[in-house]
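Every chain is numbered from 1 and lettered A, B, ... according to where its sequence line falls, protein lines coming before strand lines.
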Protein chains: 2
Amino acid sequence: MSGDVSEEPKPRRRQARGERRIAQLLQAAARVFCAYGYTATSTNAIAREASVSPGTLYQYFPNKEAIAIELGERLLHEMREAHGQAFTPENLALPLPELLDVVVDPMIAFNCEHPVFLALMHGSEVPGRIAEEHDALHASLLASVQEVIGHYAPALSAAERARIAGMVFAIFKGGLGLVLAAPEGAERDATIAELKTVLLRYLSPLVETPATTPATTTPVTTTPVTTTPTR
Amino acid sequence: MSGDVSEEPKPRRRQARGERRIAQLLQAAARVFCAYGYTATSTNAIAREASVSPGTLYQYFPNKEAIAIELGERLLHEMREAHGQAFTPENLALPLPELLDVVVDPMIAFNCEHPVFLALMHGSEVPGRIAEEHDALHASLLASVQEVIGHYAPALSAAERARIAGMVFAIFKGGLGLVLAAPEGAERDATIAELKTVLLRYLSPLVETPATTPATTTPVTTTPVTTTPTR
DNA sequence: GAGAAACGCGAGCGATCACTCGTGTTTGCC
DNA sequence: GGCAAACACGAGTGATCGCTCGCGTTTCTC
């Protein structure tokens, strides 16, 4: 022991080819996970999807779980990078409908681009490590939602805030499933609009209209979604 | 062929002991499915949970899928029997908050008593047959919700009605998960109340208050849940 | 160009799974 | 009591899974 000069336990040198293979394998894994779920997906199937031998797969990943973990971490990183926390201070000053746009739209867009994200984070079939990441992300987002709610309705007790935040999250998750199930185009846009309507109607009674903004709160538009908008 | 006097292809005589074993095996399967999910559950694990040998299990079920199917069918039957469709004509005359109670409460109660129902109907990991049953139930419930919405808001187009019904269903599903995750007691009751609040606020703007009922619609109570009620 | 190391392969290993079978026990019927 | 059928058992079977290993190929470094 103690003879470790470098802080890296695995200073494995990667060639450009290797990095390419890793990306290729993760893409293939995302496709197969998305189609059959984590447990029902065999490592040989991933290798086949990537047009690679099983041995090659195991040169880059120590086991099946590591594939899902790496995939999850890259998605998480990309998500944070693409639109940060979306709960920036200036967004907190926005009226509710605009805040919903700012928070919901990028989240929906991300999940539409990476459907495997939901598949990995959603299943109770995934092994421990992924579930931990999921719980951490869940808690982080929940805390952000709680903070926003506390800002909009400071009179609420902590328990109420937590309950409302959890409900908002559950509604979003359910709506996200609907959105992903809807065919792309007008129908999907309408579903997104409907999800925002749900959240708006749920949260509107909570904001106490502190008279600082005279007439910004639109009086609950009666579902303006009917004709196909913008393409 | 053609020598079949009875209409039953399998006129297997069951003794009382056999029926007991079947119930015992289904109970064990429900527990294990609920804990580990369908795919991750081995038939040997079910047999072990039921304190029975694998051979005995296969005397009553031809394969693993049949266990889940029989379990799902019994749950479906019990659900329909316990509270019918809950969408009876007299319930349609109820104001929205009461209708929500009548429809949501028994649904929640059933899923609390049989958590395996969600586990079976929810997973994308279940094999074809269960998914078909799930889709059928989903469509049936969706049609009922659409009918109710059409009754309360006849001015809506078919597409809007379908979208709203789907959203209501998604909200309920998400809220149901929250309710099951909450500890039994006051917290769970509060979560149920919150779920009803969501649905009420979402659907209230749709009813056109046709002046037949003067002042029945309560003006959106501002979350009356704070102190622990009843117990 | 030569050596080393990363890359790539696919047959195959041990473990586990869904499921079977031969045998012994219990139960219903006469 | 005797017989047939339902019940119960658990070691075992073939298939599949996650994963390994030995060896050949490509790429980097000098």
Side-chain angles (χ1 to χ4, degrees), chain A residues 6 8-29 32-33 35-71 123 125-130, chain B residues 5-6 8-29 32-33 35-71 120 123 125-130:
Chain A
S6 76
E8 290 276 84
K10 289 221 172 190
R12 179 69 159 278
R13 277 183 53 236
R14 290 253 110 98
Q15 301 180 355
R17 187 175 28 153
E19 298 290 347
R20 254 183 284 122
R21 277 268 183 261
I22 290 180
Q24 172 187 359
L25 282 164
L26 288 179
Q27 275 184 18
V32 191
F33 283 157
Y36 306 108
Y38 174 81
T39 46
T41 294
S42 73
T43 54
N44 289 11
I46 297 176
R48 205 181 315 121
E49 175 75 20
S51 305
V52 159
S53 87
T56 297
L57 187 153
Y58 279 94
Q59 185 153 49
Y60 299 104
F61 300 99
N63 49 51
K64 180 180 172 181
E65 188 177 354
I67 304 173
I69 289 176
E70 179 66 24
L71 191 55
E125 48 172 351
V126 289
R129 191 60 171 23
I130 302 276
Chain B
V5 283
S6 76
E8 291 275 83
K10 290 221 172 190
R12 180 69 160 280
R13 278 183 53 235
R14 290 253 112 98
Q15 300 179 355
R17 186 173 30 150
E19 297 291 346
R20 255 184 283 123
R21 276 268 183 262
I22 291 180
Q24 172 188 359
L25 281 164
L26 288 178
Q27 275 184 18
V32 191
F33 283 157
Y36 305 110
Y38 174 81
T39 46
T41 294
S42 73
T43 54
N44 289 11
I46 297 176
R48 204 181 315 119
E49 174 76 19
S51 305
V52 158
S53 88
T56 298
L57 187 152
Y58 279 94
Q59 186 153 51
Y60 299 104
F61 300 100
N63 50 53
K64 180 180 172 182
E65 187 178 353
I67 303 172
I69 289 176
E70 179 65 25
L71 191 56
L120 273 186
E125 47 172 350
V126 289
R129 192 60 172 20
I130 301 278

Residues in contact with DNA chain C, drawn from residues 58-70 of chain B - heavy-atom cutoff 4.0 Å: Tyr58(B), Asn63(B), Lys64(B)
query: Please, which pairs that meet salt bridge (charged side-chain N to carboxylate O under 4.0 Å, His left out) have at least one residue in residues 50-61 of chain B, sequence neighbours excluded?
result: none
statement: salt bridge (charged side-chain N to carboxylate O under 4.0 Å, His left out) filter on Arg129(B), not counting sequence neighbours, yields Glu73(B), Glu133(B)
query: Sub-3.5 Å donor-acceptor pair from the side chain of Thr56(A) to the main-chain atoms of Val52(A), do we have one?
result: no
- line: For residues 35-48 of chain A, the salt bridge (charged side-chain N to carboxylate O under 4.0 Å, His left out) pairs (sequence neighbours left out) are none
- prompt: Just how far is it from atom CG of Leu57(B) to atom CD1 of Ile67(B), taken to the nearest 0.5 Å?
  reply: 4.5 Å
Integer-rounded Å distance: dC19(D) P and Arg48(A) CZ: 16 Å
I'd like a table of atom pairs between the protein and nucleotides 9-11 of chain D - only N or O on both sides, under 3.5 Å - with the distance next to each one.
{"unit_1": "dC9(D)", "atom_1": "OP2", "unit_2": "Ser53(B)", "atom_2": "N", "d": "3.2"}
{"unit_1": "dC9(D)", "atom_1": "OP2", "unit_2": "Thr56(B)", "atom_2": "OG1", "d": "3.0"}
{"unit_1": "dG10(D)", "atom_1": "N7", "unit_2": "Ser53(B)", "atom_2": "OG", "d": "3.3"}

query: For DNA chain D, which residues in residues 35-47 of chain B have a heavy atom at a distance below 4.0 Å?
result: none
- request: Please collect all salt bridge (charged side-chain N to carboxylate O under 4.0 Å, His left out) contacts where either partner lies in residues 57-67 of chain A, sequence neighbours excluded, each pair once.
  value: none
field: Which residues share a salt bridge (charged side-chain N to carboxylate O under 4.0 Å, His left out) with Glu70(A), sequence neighbours left out
entry: Arg74(A)
field: From CD (Glu49(A)) to OG (Ser42(A)), nearest 0.5 Å
entry: 11.0 Å
query: Between dA6(D) atom P and Arg20(B) atom CZ, what is the distance in whole Å?
result: 17 Å
message: If I take atom CG in residue Leu57(B) and atom P in nucleotide dC17(C), what distance separates them, rounded to the nearest angstrom?
response: 14 Å
field: OH/Tyr36(B): more than 12 non-hydrogen atoms of other groups inside 6.0 Å
entry: no
query: Between atom CD in Gln24(B) and atom C1' in dA8(D), what is the gap in whole Å?
result: 12 Å
- line: Contact string for nucleotides 22-30 of chain C, one letter per nucleotide 5' to 3', B = base within protein heavy-atom range under 4.0 Å, S = sugar-phosphate only, - = neither, reads ----BSS--
message: To the nearest 0.5 Å, what is the distance between CG on Leu71(A) and CZ on Phe33(A)?
response: 7.0 Å
task: Please identify each residue that fulfils ring pair (Phe, Tyr, Trp, His ring centres under 6.0 Å) with Tyr60(B), with sequence neighbours left out.
output: none
- prompt: With Phe61(A), which residues qualify under ring pair (Phe, Tyr, Trp, His ring centres under 6.0 Å), at least two apart?
  reply: none
field: All pairs passing salt bridge (charged side-chain N to carboxylate O under 4.0 Å, His left out) where residues 14-27 of chain B contributes a residue, at least two apart
entry: none
